Amino acid sequence: MLLPCPELLPGEGFNLRRHCPADQEAFAAFLTDPEATRHMAFTAEQKTTQGAQGMLDYVISAYGSDHEVLSLTIADAADDSYLGSIGGTATDTEGVVEIYYTVVPGEQGRGLATGAVQLLLAYLFALPGITSVRADVTTENHPSLRVLEKLGFQDRGPVERNAGDGELAHDSLTGRRYVLDAGAYEA
């Protein structure tokens, strides 16, 4: 299942929009910050300036193609500056989407991740056939766990993911799987 990537989802004080070349510097600064990415399954190569730029270039080039990636910038509504990113991907299970979200360190703690995830959930659950949304999170990532719990995601137990390669490679991840079913979302 290919998830279409919207051009823009307007939020309150922020927008979710497609990545653009102007995001390169802020995106690379974020991914090369070891403290900011300590809970993320990015590879060591992706956490370099060149790796971050390559990853963002790949996503931007995939927009509108048959391998489109649902990945958006969380942008300040006032000046369009990069505040983080959010996105999702279809899983091997029909109707299940896995999401991710990041917020740059200087913007954390003010509800931006919660608002961005709420906006993405509204978009995803409006798509035909989406039955649930999940997020795999390390147990040490307390802010992310709070976001998911606040939004009604249920802890479905431990998860271990093996590393993967390709254009969007990732390292192994050990943590918890949180799931929000469409029925719980609508309630």
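Here the structure is a predicted model, which means the values were calculated and not measured.
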Could you tell me the separation between the [atom1] atom of [X] and the [atom2] atom of [Y], rounded to the nearest 0.5 Å?
X	Y	atom1	atom2	value
L180	E186	CG	CD	10.0 Å
D23	I74	CG	CD1	11.0 Å
D33	K47	CG	NZ	10.0 Å
R146	N141	CZ	CG	9.0 Å
Q53	L31	CD	CG	10.5 Å
E149	H142	CD	NE2	10.5 Å

Practice problem: Tell me, with the steps shown, if Y82 and E25 meet side-chain contact (heavy atoms from CB on, under 4.5 Å). | Solution: CA-CA 9 Å; Y82 180 90; E25 188 177 329; over 6 Å; no

Might you point out which heavy atoms bring [X] and [Y] nearest each other, and give the distance in Å?
X	Y	value
L3	A90	CD1-N, 3.6 Å
L148	V137	CD1-CG2, 3.4 Å
T91	V97	CG2-C, 4.2 Å

Quiz item: So do the side chains of L124 and L70 get within less than 4.5 Å of each other, counting heavy atoms only?
Solution: yes

Exercise. Answer yes or no: is there a side-chain heavy-atom contact under 4.5 Å between F153 and I99?
Key: yes

Practice problem: Any pair with a residue in residues 87-124 that passes ring pair (Phe, Tyr, Trp, His ring centres under 6.0 Å), sequence neighbours left out, goes on the list, sorted by first then second residue, please. | Solution: none

Practice problem: Decide side-chain hydrogen bond (donor to acceptor under 3.5 Å, both in side chains) for H19 and S85; before the verdict, give the C-alpha distance in whole Å, the side-chain angles of both, and the deciding distance to 0.1 Å. | Solution: CA-CA 9 Å; H19 301 295; S85 61; 5.2 Å; no

Quiz item: Can you get from L127 to L2 by hopping between Ile, Leu, Val, Met, Phe, Trp and Tyr side chains that sit under 4.5 Å apart?
Solution: no

Quiz item: Distance-only, no hydrogens or angles: does the T131 side chain make a donor-acceptor pair with backbone N or O of G95 under 3.5 Å?
Solution: yes

Contacts of [X] that satisfy side chain to side chain contact (heavy atoms under 4.5 Å, CB included) - sequence neighbours left out:
X	value
A62	S65, H67, V69
S132	V96, V179, D181
A22	C20
T48	E45, Q50

N/O donor to acceptor pairs below 3.5 angstrom from side-chain atoms of residues 4-11, sequence neighbours left out:
unit_1: E7; atom_1: OE2; unit_2: R18; atom_2: NH1; d: 3.4

Distance-only check: which donor-acceptor pairs under 3.5 Å involve side-chain atoms of residues 104-122, not counting sequence neighbours?
unit_1: E107; atom_1: OE1; unit_2: R110; atom_2: NE; d: 2.7
unit_1: E107; atom_1: OE1; unit_2: R110; atom_2: NH2; d: 2.8
unit_1: Q108; atom_1: NE2; unit_2: V103; atom_2: O; d: 2.7

Quiz prompt | salt bridge (charged side-chain N to carboxylate O under 4.0 Å, His left out) partners of residues 70-91, not counting sequence neighbours, each pair once | solution = R17-D80

Quiz item: Who are the ring pair (Phe, Tyr, Trp, His ring centres under 6.0 Å) partners of F125, not counting sequence neighbours?
Solution: Y185

